[in-house]
Structures are given as structure tokens and as C-alpha cells.
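Note sheet for the following structure.
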Amino acid sequence: MTILTIYFCGTNSNKFDDSHANYWNGELISSLAPRNQGKEFAEWVIIDGPGSGNLQSDEMWVKSGEYSQLRGQIMGSGWEENIQHALHIIKGNVSWQREKLTKENYDQLKKAGVPIQDVEVEGSFWWRKYDYGDRKITQQQLQQQIIKTYRKGQILPTQVNLVGWSRGGISCHMLANAMLADPLLTTIPVNIFAVDPVPGMGNFQTAKVTLGNNVREYVAFYAKDERSKGFSCVIPQTHSSTAVHIFPMAGRHATLVGNASVNGDKGEKILSEPGIIVRHFAEVCLKRWGVTHDKALNLTDAKLRELHQAIAANSLLYNQMHNYSYLWFTEKDQGERYVSRASTGAPFSSVRGDTFSPHAGLASDYLTDNTLYNVIK
């Protein structure tokens, strides 16, 4: 029996954001993944977000497209390859390998003093080609062998947990649906922890905004004070068998994953409480789903109340966030954030009802109902 957890970074975010200056204690996804106590690739893997610079392109199990960072940031280009890569990781089946060394690989080996053949140069100055040699063992071969060695009982995992922020949250939806459509993976139960899943304009296709009966539990936190145009978050349409728990959280899109500035973008650590609460419940849910992380927060009920009281005390600062936008323009629906219930627009607090537990949905308030989080503890 193997539980596999896949961490999807958000747009323009990658696994190195655990030390990004915009996050006082590291961005949530990038700092949570390496604290997973399982074996990387066999039991957990982290996947960079669209527009993050293609830093993982040499390690992907499918050939990635040549997308610019700007195209990835605006359109989400590259996340389809991320989904295919994740499917191959789940199956332990490589479809593509980087057999040739890149210039970066070559320079790293040379600098380390590793004896390798010299670069071969072909052609004249104007159309010169460089051959940096072959990899003796590819990254994909190494990762595949780790999976064969450390997955217990069989190659296919018996459960898959998905964790993601922003387009990484939408990637969780996409992968769950891709698994449901795959005869080999359709019966594997899936759990999802999503943080403010935002697909971006024009990206509300069915696979991104609905979930099927393979998703056992869906937990998501949504940024109550985000107002950027084009940042409509998705509350997916789910199967009746799925336990769905959605919660509002003060702050902007990045506030929920560890940005503590007053504008939700750059600045000093002032509003850290939302990120702490979301991090805590990511750890709590993953623990329930069979995953252990080191250095877990393990917040008490008293500490949770204290954090929420601090948020309430800074309500004016959170209200001022409504005037900021990541894309210059803001949008409001009846004074609230504009969200998408599947692909249908709605005001933030209108998302409630029997579909959700608790029923208050995005209209809930911890300070008036201290039992709010009991359903996910």
C-alpha cells in the first residue's frame, strides 16, 4: 500500500519558493512538500506552476513545450504537460527522457570536475550547433527506479492526495478528472486540499471546474479580500458522494500561502495569521489522509481563536486590500469578490448550502462558530 501526494505550485511559483522573499516563512506548497516524510517520487512529488521558468523541464516524464514565462503566466500554458507528467509518475511509467545534456548540465559537471567529453561543435559561425554529450543515466531513469524500489506492494498507489494553490489548485481538479478517465487509475481514491484555485480568464472548461466520484474529500480555503480582475476562484461542482468543506479566509490570493504584507504582494510581515491557519489545516488534512510532515504547527483551539481574533483586529487593513490588483484592474460583485460556482459567476458569500459541510460555506465565520473546522480535524 502506497499513498502518493502530489503538490502543485501556483502560477509563476516553483519548488524554490520556500525561500522566496515575498513569503516570510516560505510559500506554502513549496515549503510543505519537502517536509513530507515519505520518499520523493515514490510517495510525493512537487510540480512547478505555469510560467515559473520551466526549471523542471529536464526532469519531466513527458516532453514539455517551449513556452515563454509570460505565456505561462497569462494563459496557463504548460499545465497540460504537468498533468501528463503527474499521470506518468502515478503509473511509474516514463514516456520521454532527456538523453542529451543541456549546456547547464554540461557546465555543472565541468565545474564539479567530472571527466566528460568536450563539446562538439558543428556548422559555421552563423548556424553553429553544439552537442554537449549524452547522459549516462537520465533523471527519469533514476526517478523510475526509486518508484520501483519504494512503492509498497505494487507500482500503482492505493490513494492519491493532491495539494495546490492558484492554478496549482485547478491542476488538482484536472488531474483528478484525468485519473477518472484513465482505466488504470479510475478506481484510485483521491483527496484534494486546494488553496484559492484560480484558473485565469478563459480557463473554465469542464475538467477544471467539476469533479467526479473518485474524489473522496475536497477541502479548500478561499481568499475573501481578493479583488483582482481575472482572479475569479472556482468552487467546483462535485459528485454527491464527495465530502466538500470550503472556508473563507481573510486576505488576498497570496496571503493564504504565506505572504504577510498589507497589500498581499510585497512588503513586511504584518498579516501572517491567514497563512498560518491555512498551513495548519493543510497539515491536519494530510495527516488524516495518511501523510506525515516534520515541523507541523499543531495549533490548539486556543491558538486558532487567537489568530482569528488578530485577523478581526486588523479588519481595516484587510478591507484596504480591496483596492489592490495583481492585474491593474479590480472587480466586485455586490461589494464582494466575484467567484465561480463551477462556471457560473456569483458573489463570494452566496456560495453556501447543503452541498457543503458546514452548510454556511463561504459565508461562515469562525469567531461566531468555533466548531467550524471540526469537520476537517
Side-chain angles (χ1 to χ4, degrees), residues 1-10 14-15 28-49 56 59-62 79-96 139-165 168-195 197 207 211-220 242-243 282-294 296:
M1 173 181 175
T2 296
I3 295 173
L4 173 65
T5 303
I6 301 176
Y7 302 83
F8 283 104
C9 297
N14 59 54
K15 65 180 181 179
L28 174 63
I29 308 302
S30 58
S31 57
L32 191 64
R35 293 195 290 105
N36 188 307
Q37 294 296 281
K39 189 70 176 179
E40 188 176 7
F41 306 114
E43 295 172 289
W44 68 271
V45 65
I46 183 169
I47 300 176
D48 290 351
Q56 286 184 321
E59 299 181 9
M60 297 281 279
W61 285 28
V62 295
W79 58 357
E80 295 289 351
E81 286 93 335
N82 284 351
I83 300 307
Q84 292 303 312
H85 170 60
L87 287 172
H88 285 288
I89 289 283
I90 294 170
K91 296 177 182 179
N93 176 28
V94 173
S95 71
W96 175 84
Q139 293 287 85
Q140 291 80 5
Q141 286 174 324
L142 290 171
Q143 295 168 12
Q144 187 177 44
Q145 188 56 51
I146 290 172
I147 288 173
K148 289 179 178 178
T149 302
Y150 288 96
R151 288 218 179 140
K152 305 173 182 70
Q154 60 181 22
I155 292 296
L156 291 181
T158 50
Q159 177 182 305
V160 172
N161 303 321
L162 306 176
V163 187
W165 166 55
I170 299 296
S171 296
C172 295
H173 303 174
M174 295 165 68
L175 180 55
N177 286 316
M179 290 176 62
L180 184 62
D182 190 308
L184 281 178
L185 309 178
T186 188
T187 61
I188 297 177
V190 175
N191 297 306
I192 296 176
F193 188 94
V195 183
L211 292 168
N213 63 1
N214 61 331
V215 179
R216 182 175 60 187
E217 186 173 5
Y218 185 86
V219 180
T242 304
E283 294 168 348
V284 166
C285 289
L286 285 167
K287 184 177 181 179
R288 283 196 297 108
W289 299 338
V291 180
T292 302
H293 291 90
D294 66 357

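- For the salt bridge (Lys or Arg N to Asp or Glu O under 4.0 Å) condition, the pairs that include at least one residue of residues 143-159, sequence neighbours left out, are Glu43-Lys152.
- Of all heavy-atom pairs between Ile3 and Trp289, the closest is CD1-O, 3.5 Å.
- Checking side-chain atoms of Thr242 against main-chain N and O of Val215 turns up a donor-acceptor pair under 3.5 Å.
- Annotation for Trp44 and Leu4: closest pair N-CD1, 3.7 Å, computed over non-hydrogen atoms.
- Residues satisfying the side-chain contact (heavy atoms from CB on, under 4.5 Å) criterion with Ala194, sequence neighbours excluded, are Ile192, Pro197, Tyr218, Ala220.
- Counting all heavy atoms, side chain and backbone alike, Ala42 lies closest to Thr2 at O-CG2, 3.6 Å.
- Note that CG of Asn214 is 9.5 Å distant from CD1 of Ile188, once rounded to the nearest 0.5 Å.
- The shortest non-hydrogen separation linking Ile146 to Phe41 is CD1-CD1, 4.0 Å.
- In this structure, the side chain to side chain donor-acceptor pair (under 3.5 Å) partners of Ser31, at least two apart in sequence or on a different chain, are Arg279.
- Atom CD1 of Ile47 sits about 4.5 Å away from atom NE2 of His85, to the nearest 0.5 Å.
- Residues forming a salt bridge (Lys or Arg N to Asp or Glu O under 4.0 Å) with Arg216 (at least two apart in sequence, or on another chain): none.
- With sequence neighbours left out, Glu283 forms a side chain to side chain donor-acceptor pair (under 3.5 Å) with Arg35.
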Could you list the donor-acceptor pairs under 3.5 angstrom formed by side chains in residues 174-184, with sequence neighbours left out?
| unit_1 | atom_1 | unit_2 | atom_2 | d |
| --- | --- | --- | --- | --- |
| Asn177 | ND2 | His173 | O | 3.1 |
| Asn177 | ND2 | Ala207 | O | 2.8 |
| Asn177 | ND2 | Thr210 | O | 2.8 |
| Asp182 | OD1 | Leu184 | N | 2.9 |
| Asp182 | OD2 | Lys91 | NZ | 2.6 |

